[in-house]
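Side chains are part of it too, since the values below use all heavy atoms of this structure and drop only hydrogens, waters and symmetry mates. This chain uses plain numbering: 1 for the first residue, then up along the sequence.
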Amino acid sequence: MSAEIICVGTELLLGDILNGNAQFLAQELAQLGIPHYYQTVVGDNVERLKNAIAIALDRKTEIILFTGGLGPTPDDLTCETIASFFQTPLVERPEVLADIEAKYAQRGRTMNPSNRKQALSPEGAMILPNPTGTAPGIIWHPRPNLTLMTFPGVPSEMHRMWKETAIPYLKQQGWGQNRIYSRTLKFWGIGESALVEKLPEVFDYTNPTVAPYAGKGLVKLRISTRVQSETEAQALINPVEQQIRNRVGQYCFGVDDQTLADVVGKLLLDSGQTLAVAESCTGGGLGAAITAVPGSSAYFRGGVIAYENQVKVSLLGVNPDDLEAYGAVSDRIAEQMAKGIQQQLNTDWALSITGIAGPGGGTEEKPVGLVYIGLASPNGEVKSYRQQLASILDRSILRDFSQSWALDRLRQHLLKS
């Protein structure tokens with residue numbers, strides 16, 4: 001048994017609209033424990049949509065979910081194409097037409113003649129009500145062991161229709177007896193390939209399964225199982241998580257929705273210590289990540305965006321001679337920035353970041369992607385760390401990486417202190 005998602009709309013193919021509907025439905029199917037192996041995006045074209053349906057049926061798909069193409073305009077072709085594919089006539093539903101007219105009246109408007117098209121559905125199909133919009137969907141069984149559901153492309157309408165009608169219907173039909181439960185372990189300081197090499201056997205497991213994901217320096221391992229209850233899921237997932245932690249636990253900083261800022265904040269809160277930051281190339285991103293955590297005012301004093309060298313001198317006490325001799329992107333300046341903000345705001349810990357984010361400004365000696373962080377500790381010790389990132393990285397990616405790297409360094413020191 002499996003489901004497929006077919007999203008209809010030329011605007012999706014052109015990239016004008018992010019396909020959040022597919023992501024939403026994929027997550028919802030996982031929550032119901034309904035296997036889902038394929039997604040298709042197809043433009044507003046009858047023959048290509050028919051071809052997408054035929055391919056899904058060749059894969060023995062039992063549930064096909066359509067989004068988009070239910071509007072009143074000529075390029076809204078989903079319902080009539082589905083009916084044509086299964087050689088079934090469209091019929092006008094008086095109750096749907098009345099609902100559309102009532103919604104227009106509530107808004108003080110007269111229904112456009114083109115909206116009458118939205119009252120058409122394949123003969124024998126059930127109406128999937130749309131409480132807010134004028135485009136209802138359908139629930140249809142055009143042949144044995146096949147369920148089709150259509151939804152409008154408007155996310156808010158589709159979400160409500162899914163939750164209020166589609167989920168109860170699928171459960172009534174016997175779907176969703178098992179759920180997919182997952183736990184995601186998050187790692188920093190180790191690459192995806194290195195992590196996989198240290199855990200070769202876990203990726204061969206079938207229940208639960210383990211899958212790696214990577215991006216912006218962060219690596220995730222998702223442990224998933226399809227069972228009836230959370231108790232069963234924990235019994236299967238917990239031993240695998242422990243096995244992974246026993247092998248590479250030093251790199252694992254959090255689980256599921258936890259961020260490095262969350263974890264660092266909790267460590268600071270538990271120890272009763274405070275933090276300040278001084279940033280150059282990240283432009284306030286590090287402070288923003290820290291303050292995005294609720295309650296961060298209990299441990300975060302503030303920061304300085306010292307983008308221009310004179311600000312580093314006047315606000316952070318950086319030695320101008322060292323700036324001249326070593327440059328703003330250097331270990332000495334990173335250390336002085338951290339020490340300066342620690343003293344200015346009287347905190348236990350301080351982080352600094354300075355680097356060359358690009359695309360210009362690099363030299364042979366200091367290419368684009370060179371980053372230093374400084375870390376000032378409560379005992380008066382100040383350290384710096386160097387990282388040379390690929391110069392092809394997008395500026396925003398380099399900033400995100402630098403912020404996470406700095407937070408992870410602090411996390412490691414907090415765990416040791």
Is any side-chain heavy atom of W162 less than 4.5 Å from a side-chain heavy atom of L170? yes
With a cut-off of 3.5 Å and sequence neighbours excluded, list every side-chain donor-acceptor pair involving residues 302-310.
from, atom 1, to, atom 2, distance (Å)
Y307, OH, R395, NH2, 2.9
E308, OE1, Q310, N, 2.7

Out of curiosity, I5 CD1 to H36 NE2, how far, rounded to the nearest 0.5 Å? 3.5 Å
Taking everything shown except R59 itself, do over 12 heavy atoms lie less than 6.0 Å from its CZ? yes
Check residues 367-376 and write down every donor-acceptor pair under 3.5 Å in which the side-chain atom is one partner and the other belongs to a residue at least two apart or another chain.
from, atom 1, to, atom 2, distance (Å)
Y372, OH, R386, NE, 3.3

Between the NZ atom in K186 and the OG1 atom in T259, the distance rounded to the nearest 0.5 Å is 7.0 Å
Is there a donor-acceptor pair closer than 3.5 Å between any side-chain N or O of Q39 and the backbone N or O of I6? no
Side chains of N145 and E62: any donor to acceptor distance under 3.5 Å? no
Apply side chain to side chain contact (heavy atoms under 4.5 Å, CB included) to the pair T61 and Y37, showing each step before the final yes or no. CA-CA 9 Å; T61 300; Y37 304 122; over 6 Å; no
Starting at CD of E80, measure out to NZ of K117 and round the result to the nearest 0.5 Å. 5.0 Å
Taking atom types as modelled and ignoring hydrogens, do the side chains of Y299 and D348 form a donor-acceptor contact shorter than 3.5 angstrom? no
Looking only at atom types and distance, does a side-chain atom of T347 sit under 3.5 Å from a main-chain N or O of W349, one as donor and one as acceptor? yes
Should E201 and R247 be marked as a salt bridge (charged side-chain N to carboxylate O under 4.0 Å, His left out) after you check the CA-CA gap, both sets of side-chain angles, and the distance that decides it? CA-CA 12 Å; E201 72 281 2; R247 198 85 56 84; 2.6 Å; yes
Verify, without hydrogens or angle tests, whether T78 (side chain) and G68 (backbone) share a donor-acceptor contact under 3.5 angstrom. yes
Side-chain heavy atoms of F253 within contact of L218, under 4.5 Å: yes
Side-chain donor-acceptor contact under 3.5 Å, S84 with K50: yes
Please answer whether the main-chain N or O of D44 pairs with a side-chain N or O of T10 as donor and acceptor at a distance below 3.5 Å. yes
Minimum-distance pair of heavy atoms, taken over all atoms of L13 and G43: CD1-N, 3.3 Å
Heavy atoms, side chains only, cut-off 4.5 Å: are M337 and T354 in contact? yes
Taking every heavy atom of L128 against every heavy atom of M161, the minimum-distance pair comes out as O-CE, 3.5 Å
dist F300:CZ -> I290:CD1 (nearest 0.5 Å) comes out at 4.5 Å
Non-hydrogen side-chain atoms of E47 and N45 separated by less than 4.5 Å: yes
Could you walk me through whether L185 and I223 pass side chain to side chain contact (heavy atoms under 4.5 Å, CB included), step by step? CA-CA 8 Å; L185 307 183; I223 311 169; 4.2 Å; yes
Taking every heavy atom of Q118 against every heavy atom of V96, the minimum-distance pair comes out as O-CG1, 3.8 Å
The reported gap from CD in E197 to CD1 in I190 (rounded to nearest 0.5 angstrom) is 9.0 Å
Checking S182 against S224: is there a side-chain donor and acceptor pair closer than 3.5 Å? yes
Taking R399's backbone N and O only, do any of them form a donor-acceptor pair with T282's side chain (distance below 3.5 Å, no angle check)? no
Please name the pair of heavy atoms, one in L268 and one in T274, separated by the smallest distance, quoted to 0.1 Å. CD2-O, 4.4 Å
Output, in order, the C-alpha distance, side-chain angles, deciding distance and verdict of salt bridge (charged side-chain N to carboxylate O under 4.0 Å, His left out) for R183 and E241. CA-CA 9 Å; R183 186 175 304 159; E241 177 182 354; 2.6 Å; yes
Taking F401's backbone N and O only, do any of them form a donor-acceptor pair with S404's side chain (distance below 3.5 Å, no angle check)? no
Holding to ring-ring contact (aromatic ring centres under 6.0 Å, His included), I want the full list of residues that pass it with W140, two or more places apart in sequence or in another chain. F86
Heavy-atom distance under 4.5 Å between the side chains of I356 and K366, does that happen here? yes
With a 4.5 Å cut-off on side-chain heavy atoms, are P136 and R93 touching? no
Cation-pi, Y385 ring and R409 (6.0 angstrom, 45 degrees): yes
Under 3.5 Å: donor-acceptor pair, side chain of T150, backbone of I138: yes
Would you please say whether a donor-acceptor pair under 3.5 Å links the side chains of T132 and E157? no
Using a 6.0 Å cut-off, check whether atom CD of E230 has over 12 heavy atoms from anything other than its own residue. no
Under 4.5 Å between any side-chain heavy atoms of F85 and V46, yes or no? no
Side-chain donor/acceptor of Q387 to backbone N/O of S402, under 3.5 Å: no
Side chains of Q242 and N246, donor plus acceptor under 3.5 Å: yes
Has E279 got a side-chain atom pairing as donor or acceptor with L286's backbone, closer than 3.5 angstrom? yes
Check the side chains of K339 and Q336 for a donor-acceptor pair under 3.5 angstrom, ignoring hydrogens and angles. no
E232 side chain to S229 main-chain N or O, any donor-acceptor pair under 3.5 Å? yes
Closest non-hydrogen atom pair between T67 and P152, with its separation: CB-O, 4.4 Å
Counting only heavy atoms not in N379, do more than 12 fall under 6.0 Å of its CG? yes
NZ-CH2 distance between K220 and W188, expressed to the nearest 0.5 angstrom: 12.0 Å
A328 and L323 have their tightest heavy-atom pair at CA-CD2, 3.8 Å
Between the side chains of K266 and D270, is the shortest nitrogen-to-carboxylate-oxygen separation below 4.0 Å, so that they form an ion pair? yes
With a cut-off of 6.0 Å (strictly less than), are more than 12 heavy atoms of other residues, nucleotides or ligands near CD of E365? no
Does any part of the side chain of K312, heavy atoms only, come nearer than 4.5 Å to the side chain of I333, both counted from C-beta? yes
Could you give me the CA-CA distance, side-chain angles and deciding distance for Q23 and N19, then say whether side chain to side chain donor-acceptor pair (under 3.5 Å) is met? CA-CA 7 Å; Q23 181 185 35; N19 192 5; over 6 Å; no
Relative to Y181, does R179 satisfy both conditions: NZ or CZ under 6.0 angstrom from the six-membered ring centre, and within 45 degrees of the ring's axis? yes
